[in-house]
Structures are given as structure tokens and as C-alpha cells.
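First up is the structure itself, then whatever we jot down about it.
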2 protein chains.
Amino acid sequence: MSVTKAFPEGQVFSADCPSRRLLGEITSKWGVLVLIALADGPLRWSGLLRRIGGVSEKMLARTLRSFEAEGLVLRDARPVVPPHVEYSLTDAGREVTDRLVPLVVWAEEYAVRAHTAERD
Amino acid sequence: MSVTKAFPEGQVFSADCPSRRLLGEITSKWGVLVLIALADGPLRWSGLLRRIGGVSEKMLARTLRSFEAEGLVLRDARPVVPPHVEYSLTDAGREVTDRLVPLVVWAEEYAVRAHTAERD
DNA sequence: CTGCATCCCGCAGGATACTG
DNA sequence: CAGTATCCTGCGGGATGCAG
């Protein structure tokens, strides 16, 4: 069988494939930003909020919860007062960012390229 | 300056950075599927429609138009009857899929992993 | 400091019908 | 075959206020 295909797997193309949901969460508007923010190292709630320009608390919370459930992000809450909560990537989470960061870096560079040369 | 950062660039984190829009289109629900579908080679309109389970004509059209405008996808319409229109990746488009395919492959595998072992 | 609850809105996105 | 037009819905996502 052909091994020349660039994308041999075909599961995602099925509408009911579970990978669709997972992929949707990872590539969601705030999902990619949360993941690459954590790629630099653990961050606290307030740190994430400050780092990611434009996130609302609501969306940050929702995104973090879904990643926790998915096993991509770890939540470490120290029982102190005032509360101290730190978020970090799990091993699986790091596998994602390893693949995600190059994409985002490319997008930044291409956006600059287009902005500079007007792509004409 | 520190070169130890996993993600040294910080543009995307600004709410008004142009890369946000570009990234949003690429990682949109149908955007990633269209791109990786074309990673295997050029496809016709009907081919894309069949390959990508669940796309409506409307969303396929919108996605292709935006990628055309962005310079990621090339539209080749032969003036014959019945019409024959072929879509393919530009060089920039291939740069995207080079980075996108590994992510999708990972998601498929992880989804299977989670489904099999219930991740507990 | 770290959130959750509520209200509200726009737009992504689906279904259907029509056209060159 | 390769689309466009229209209508309609759900939910992504913002703003604000409150709580442990």
C-alpha cells in the first residue's frame, strides 16, 4: 500500500471521530495560547491572565478545566491563604506544545512577512 | 538575553497582533481539515466535500476563500464544461501543513490512547 | 488571590434551495 | 460540477458581580 501519502491516517476525516473533539479543544482560540504560555514553564492563574492578552476569566477557567480533564494540564493548588495555584503541562501536554509551538512561530513570522511585503 | 525559553516570541500574546487572526483561520474547525486534506495532493471541490466528513458547502467555500486570500491555497479553475476546479497548497500552505500534520497525527493517536485505556 | 454565576450578544456554522 | 443565497440556531465568548 502507498506510503507516499503526506497524511496517511484518515480518522479525523470522519465526522464522529473522537480526535475531532480533542483537536477542537487544542486549536480553540484560547486553547493554543494557554498551551504555548505554559510551554515556557508553570504559571499561576494571575500569571496566565496577564500573559494572555484579552482572555476573560471565564474563558481561561473553561479552557484550563477542559485541559485538566483531557490530561494535558496539571493544576497544583497549595492550601495557603491567600490561595496559590500553579498550572503546568503534563507529559502529554508537552507532546502537544512540541508540535504546536512551531506552528505558532510560523504564523507570527508569516503575519509579519505579509504585513511587510503586502504579499503581492 | 535568554535563549532557554521554549517560546521566546511574544507577539501572539498581544490581543491586537495580526498573527492572532491568521492563527485563528488555520486552526479553525474546518481550516485544519481542509489543509491536511490538501497535504496529500490537489483535490477538486467535490473531492474535498467527500473527503472531509461533515463539511457543509457553505463552510468549505468560506474556508477555501479565506485561505486563497491568505495565500495558503491555490484555486485552479479550468474553463471547461462541466466545470473542473482544482485546489492545491501554495508553498506557504505546505509550510503550514508541515507543522500541522504532526499535531493532527498526535491528536488521533492520543484520542485512541484515551479511548482504549480510559486514561485513569 | 483564585475563581464561579449570570446575563447577553455576535458570529460560526448547519439546512435548504437555487444558479452558471 | 461548482458553487452562491437565505434563513435559522447554538454556543463561543465578553462584561460584570459575587465568593471562598
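We use all heavy atoms of the structure for the numbers below, so side chains are in, but hydrogens, waters and symmetry mates are not. A, B, ... follow the sequence lines: proteins, then strands. Residue 1 opens every chain.
Dashed line: the shortest gap from a side-chain N or O of R44(B) to OP1 or OP2 of dC1(D) is not under 4.0 Å. Taking side-chain N and O atoms only, W45(B) has no distance below 4.0 Å to OP1 or OP2 of dT4(D).
Regarding M59(A), its CE atom lies at a distance of 13 Å from the P atom of dC11(D), rounded to whole Å. Put simply, CG on D76(B) is 14 Å from C1' on dA2(D), counting in whole angstrom units. Atom CD in E25(A) sits roughly 15 Å away from atom P in dC11(D) (whole-Å rounding). The interatomic distance linking H84(B) (NE2) with dG3(D) (P) rounds to 11 Å, in whole Å. The CD atom of E57(A) sits 14 Å away from the P atom of dC18(D) (whole-angstrom rounding). Between the NZ atom of K29(B) and the C1' atom of dC11(D) there is a distance of 11 Å, given to the nearest Å.
Side-chain atoms of W45(B) and E57(B), non-hydrogen and from C-beta on, do get closer than 4.5 Å to each other. Two residues are said to be in side-chain contact when any heavy atoms from C-beta on lie closer than 4.5 Å; I36(B) and L33(B) meet this criterion. In this structure, Y110(B) and V96(A) have side chains that are not in contact, with every pair of non-hydrogen atoms separated by 4.5 Å or more.
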Legend entry - Worked verdict on I26(B) versus V32(B) for side-chain contact (heavy atoms from CB on, under 4.5 Å): CA-CA 6 Å; I26(B) 294 173; V32(B) 327; 5.6 Å; no
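Using a 4.0 Å heavy-atom cutoff across all strands shown, R65(B) reaches sugar-phosphate atoms only and no base atom. Among the heavy atoms of the strands lying under 4.0 Å from K58(B) is at least one base atom, whether or not backbone atoms are also near. Across all strands shown, R75(B) has heavy atoms under 4.0 Å from sugar-phosphate atoms exclusively, and none from any base.
On the nucleic acid side, DNA chain C has its first and last nucleotide under 4.0 Å of a heavy atom of chain A at dC1(C) to dC7(C), going 5' to 3'.
Ranked by how close their nearest DNA chain D nucleotide is to the 5' end, R62(A) and P83(A) are led by R62(A). Positionally, the nearest nucleotide of DNA chain D for V85(B) lies more toward the 5' end than for the other of S56(A) and V85(B).
Partners of D98(B) by side-chain hydrogen bond (donor to acceptor under 3.5 Å, both in side chains), not counting sequence neighbours: none found.
Using a distance-only test at 3.5 Å, with no hydrogens or angles considered, no donor-acceptor pair links the side chain of R20(A) to the main chain of Q11(A).
No chain of hydrophobic side-chain contacts below 4.5 Å, direct or via other Ile, Leu, Val, Met, Phe, Trp or Tyr residues, connects L74(A) to V34(A).
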